[in-house]
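First up is the structure itself, then whatever we jot down about it.
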Amino acid sequence: MKEEQWIEEEQWRRLALNSFFKFIAIMMLVGSYVLILVIGIVKDIDMESSFVKVGQTQTAGSQIVYHKETKVMYVVSDDIFTLLVDADGKPMLWEIKDN
């Protein structure tokens, strides 16, 4: 009788432990999803508040932007920033030329 009772208690413990691990796994997935959404929203806000679009390529669909504070220019394609450099290898800076 005691052995049967021990087996039942052990089964309940395993069931509770499995349920707990499933709950933790689900919470981690939900947390990861929320984090991805928040990062995407923050990235969009940061992109708009930190950079100014000054051009776009016709073929690749890339954007040419510059940083508002530093004036350093980049090409952005698929959320990948590529630094634009001049002939000396220095970062290109955005400047408005007067005619």
Side-chain angles (χ1 to χ4, degrees):
M1 183 89 166
K2 289 190 175 196
E3 187 174 325
E4 290 175 7
Q5 187 178 14
W6 181 81
I7 291 173
E8 282 184 28
E9 288 177 6
E10 187 63 26
Q11 288 174 342
W12 278 108
R13 281 190 203 118
R14 286 184 183 172
L15 180 62
L17 194 59
N18 285 340
S19 297
F20 175 74
F21 285 131
K22 287 179 185 177
F23 174 77
I24 295 296
I26 290 170
M27 288 296 105
M28 289 176 68
L29 286 173
V30 169
S32 298
Y33 181 72
V34 169
L35 183 62
I36 289 169
L37 287 177
V38 168
I39 288 172
I41 292 169
V42 169
K43 186 181 76 173
D44 288 342
I45 291 170
D46 190 43
M47 171 70 178
E48 291 174 9
S49 65
S50 299
F51 294 91
V52 176
K53 178 180 170 185
V54 293
Q56 186 165 345
T57 62
Q58 295 294 325
T59 55
S62 302
Q63 297 179 3
I64 301 169
V65 299
Y66 72 87
H67 190 270
K68 286 181 180 178
E69 293 177 18
T70 64
K71 306 296 186 207
V72 174
M73 298 177 68
Y74 301 89
V75 173
V76 184
S77 180
D78 297 325
D79 293 331
I80 298 172
F81 283 70
T82 303
L83 178 67
L84 293 176
V85 296
D86 63 14
D88 298 324
K90 296 178 184 173
M92 288 181 72
L93 301 178
W94 176 255
E95 55 185 60
I96 298 174
K97 296 182 181 181
D98 295 328
N99 290 333

Problem - Residue pair Thr57 / Val75, side-chain heavy-atom distance below 4.5 Å - result: no
Practice task
State, yes or no, whether a side-chain contact exists between Pro91 and Met73 at a heavy-atom distance under 4.5 Å.
Solution key: no
[atom1] of [X] to [atom2] of [Y]: how many Å apart, nearest 0.5 Å?
X	Y	atom1	atom2	answer
Ile64	Phe51	CD1	CZ	14.0 Å
Lys71	Tyr66	NZ	OH	4.5 Å
Ile24	Leu29	CD1	CG	11.5 Å

Problem - Shared hydrophobic cluster for Ile80 and Met92 (ILVMFWY, side-chain gaps under 4.5 Å) - result: no
Problem - CG (Asp86) with more than 12 external heavy atoms under 6.0 Å - result: yes
Exercise for the section: State whether the number of non-hydrogen atoms from other residues, nucleotides or ligands found under 6.0 Å of Met27 atom CE is greater than 12. Expected result: yes
Exercise for the section: For a side chain to side chain contact (heavy atoms under 4.5 Å, CB included) with Val85, tell me which candidate from Thr82, Asp88, Leu83 qualifies. Expected result: Leu83
Exercise for the section: Indicate the ring-plane relationship of Phe81 and Tyr74, choosing parallel, tilted or perpendicular according to the 30° and 60° boundaries. Expected result: perpendicular
Practice task
Dump the intermediate steps for side chain to side chain contact (heavy atoms under 4.5 Å, CB included) on Val72 and Leu93, then the final yes or no.
Solution key: CA-CA 5 Å; Val72 174; Leu93 301 178; 3.7 Å; yes
